[in-house]
Amino acid sequence: MSPREVGPMLTWSQKQKNSSAYSKESWEKARSTEESRREDSRKSLTKSMSAATHCRCFSNPTHTQPSLLVFSGGTAFNGVVEELKNITTRVAHVLPVSDDGGSTAEIVRVLGGPAVGDIRSRCLRLSDESTPEALAVRRLLGHRLPLHPQQAKSEWYNIVEGEHSLWKGVSKPYRETIRAFLSYFQNEILRRPNESFCFSNGSIGNFFFAGARVFFQSLDAAIFLFSRVSDIPSESQVLPVISTNDRLTLGCELGDGTVIRGQNEISHPTNGSMEPVKKERSAVPALPSRIKRVFYMSSEGSNLLHEVFPTANSAVLDQLNAVDCIIYAMGSLFTSICPSLVLLGIGEIISSRSCPKVLLLNGLEDRETSGFSASCFVTAITDALNRAYGDPQKSLKNSPSQYINTILVPEDGEIPLDIQCLASQGIFDVITVHSICDPKVGIIFDPKSLIQAIADLLGRLV
């Protein structure tokens with residue numbers, strides 16, 4: 001689908017500018033006709049886009065590249081995505097939809113729906129950089145507005161009107177497509193006069209994503225459109241672990257019975273600030289007790305936030321059944337990885353596979369994993385996949401080695417390697433990988449060395 005096939009559909013906002021020429025009756029009739037036409041277009045495109053997102057499965061034996069499925073969040077694994085392209089583009093990136101920080105939180109507050117920040121972040125990392133126009137599109141969709149609210153609002157209007165310098169290098173078809181959905185996002189905000197939207201530190205990519213999702217009423221269709229506009233490799237997939245249009249909130253229960261609501265409140269409380277999240281350990285207080293489990297909450301259909309049990313995205317289940325290797329990426333264990341593991345069907349499929357199942361161990365502790373050893377990470381992932389603390393009738397009793405058979409460890413990392421405990425869990429393949437010291441977060445995997453280690457693991461399959 002080319003940009004020309006999408007851009008011209010959003011014409012109602014343009015017609016509103018000339019609405020004074022209509023009588024009230026003619027205006028209402030025109031609006032009704034336009035909305036009916038747009039709804040037909042929306043349904044047709046959504047159907048075709050959703051079908052396209054489900055038809056790609058990594059089981060074609062003619063491919064020479066290995067296929068991977070990676071459970072991750074929107075930050076830590078981004079640093080190795082570019083390097084991963086050197087061994088394969090057949091990667092299904094599975095991400096949660098419960099991020100509630102920054103501009104994502106503001107979009108969800110005003111427009112509702114799932115959080116798209118992590119998905120947008122991964123799509124941008126995968127986007128094409130081979131041409132000047134591709135770089136211009138990536139620069140535009142990766143841009144963040146100023147922190148000062150009035151400056152942010154002024155720059156936003158400049159962008160949505162097509163007058164900002166960020167549009168330089170973006171050809172007319174792409175410009176029309178992107179502007180159409182940014183304009184639709186703006187119109188949706190204006191339709192909610194009781195909600196004052198704050199553009200501070202807002203992500204243009206998030207706004208484009210939100211406009212597409214609301215227009216199509218489909219998260220899958222929005223991802224498909226974003227993937228095409230940013231020219232992601234055709235064999236790479238970015239999959240929400242839950243395909244929904246509802247707002248979902250992540251909750252966690254601590255060992256002492258305390259319940260915390262919201263991903264940010266669990267991992268790095270910000271006191272409502274729109275400023276970029278600081279990941280340094282000193283920036284947040286320690287949890288009063290270890291996390292026992294994570295779960296989903298919703299207020300849809302109810303005045304009170306209550307626990308819900310969403311269904312896993314069928315495309316994720318299909319990929320789990322087909323890929324050559326399953327990876328649990330480094331990052332926030334309980335707010336980035338485990339939310340994708342607690343869903344019905346995920347543990348069942350992973351435990352049935354005989355492929356490499358690889359844990360990429362963090363290089364340092366964070367608020368969620370204070371005092372953890374390597375075996376504690378394994379236990380947390382096992383409990384999540386077994387749904388150990390949920391409905392007993394829906395829980396599993398699988399051993400850790402049915403979910404993880406290899407651990408890659410960053411050299412000089414601060415997570416203790418309790419080898420004997422890992423052996424008691426049935427995990428014997430522990431590989432040390434070269435690391436680097438990031439000035440902001442500390443010890444992390446050296447991207448080249450990590451991807452080479454994964455390539456070596458996949459080489460064992462040949």
Side-chain angles (χ1 to χ4, degrees), residues 70-84 93 95-96 98-104 115 117-122 124-126 142 144 147 201 203 250 252 262-271 273-287 290-291 294 327-340 358-374 376-377 380-381 407-417 431-454:
V70 181
F71 291 108
S72 72
T75 303
F77 195 74
N78 276 351
V80 301
V81 165
E82 289 295 329
E83 198 65 37
L84 182 58
H93 299 265
L95 295 117
S98 48
D99 176 27
D100 59 1
S103 67
T104 298
D118 288 347
I119 295 170
R120 182 267 313 160
S121 178
R122 185 57 47 81
L124 276 178
R125 286 293 180 138
L126 292 167
R144 281 194 177 273
L147 275 172
N201 199 43
S203 162
L250 189 68
C252 83
Q263 177 176 315
N264 261 26
E265 286 300 308
I266 298 169
S267 61
H268 39 259
T270 59
N271 298 317
S273 171
M274 294 291 287
E275 294 189 27
V277 170
K278 293 182 174 67
K279 297 289 186 178
E280 293 87 345
R281 285 167 289 176
S282 61
V284 294
L287 288 168
R290 284 190 177 185
I291 296 174
V294 295
I327 294 176
Y328 310 95
M330 59 285 193
S332 299
L333 176 62
F334 288 102
T335 54
S336 291
I337 311 303
C338 287
S340 295
V358 186
L359 169 62
L360 309 183
L361 193 66
N362 288 351
L364 69 161
E365 293 181 352
D366 58 19
R367 174 176 156 93
E368 300 175 19
T369 57
S370 178
F372 271 39
S373 63
C376 294
F377 277 77
I381 289 172
I407 301 180
L408 300 186
V409 182
E411 190 176 32
D412 299 324
E414 67 178 40
I415 306 299
L417 272 180
I431 302 169
T432 300
V433 177
H434 289 307
S435 64
I436 58 176
C437 185
D438 184 285
K440 293 183 179 179
V441 297
I443 297 296
I444 61 173
F445 285 103
D446 171 64
K448 289 183 182 294
S449 299
L450 175 60
I451 298 308
Q452 184 57 54
I454 293 173

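The chain is numbered in sequence order, starting from 1. Computed from a predicted model, the values in this text were never measured in an experiment.
Between L250 and P96 the shortest side-chain heavy-atom distance does not fall below 4.5 Å. P447 places none of its side-chain heavy atoms less than 4.5 Å from the side chain of E82. Within the 4.5 Å cutoff, the side chain of V433 has no heavy atoms near those of the D446 side chain. At a threshold of 4.5 Å between non-hydrogen side-chain atoms, the residues Q263 and P339 do not count as touching. Side-chain contact between I381 and L333: present, with at least one pair of heavy atoms (C-beta onward) separated by less than 4.5 Å. In this structure, the side chains of L95 and S340 stay at 4.5 Å or more apart for every pair of heavy atoms. At a threshold of 4.5 Å between non-hydrogen side-chain atoms, the residues E83 and L450 do not count as touching.
Between atom CG of residue L364 and atom CD1 of residue I443 there is a gap of 8.5 Å, rounded to the nearest 0.5 Å. Put simply, CZ on F71 and CZ on F77 are 12.5 Å apart, with the number rounded to the nearest 0.5 Å. The line from NE2 of H93 to CD1 of I119 is 12.5 Å long, rounded to the nearest 0.5 Å. The line from OG of S203 to CG of L124 is 7.0 Å long, rounded to the nearest 0.5 Å. We find the SG-CD distance between C252 and E265 to be 10.5 Å, quoted to the nearest 0.5 Å.
A distance-only check finds no donor-acceptor pair linking the side chain of T335 to the backbone of S267 [under 3.5 Å].
Nearest approach of V294 to C338, heavy atoms of both residues: CG2-CB, 3.9 Å. The shortest non-hydrogen separation linking C376 to R290 is SG-NH1, 3.7 Å. The nearest pair of heavy atoms linking G74 to S121 is O-OG, 2.9 Å.
In this structure, the side-chain contact (heavy atoms from CB on, under 4.5 Å) partners of I415, at least two apart in sequence or on a different chain, are L361, E365, F377. Taking the side-chain contact (heavy atoms from CB on, under 4.5 Å) definition, one finds that I444 meets it with I436, D438, V441, sequence neighbours left out.
Each of V70, L408, V80 was scored for a side chain to side chain contact (heavy atoms under 4.5 Å, CB included) with I454, with one residue passing: L408.
Between R122 and S72, the side chains place a donor N or O and an acceptor N or O closer than 3.5 Å (distance only, hydrogens not considered). A donor and an acceptor atom, one from each side chain of D366 and T369, are located under 3.5 Å apart.
The salt bridge (Lys or Arg N to Asp or Glu O under 4.0 Å) contacts involving residues 327-340 comprise nothing, where partners must be two or more places apart or lie in separate chains.
Ring geometry for F334 versus F372: interplanar angle over 60°, hence perpendicular rather than tilted (30 to 60°).
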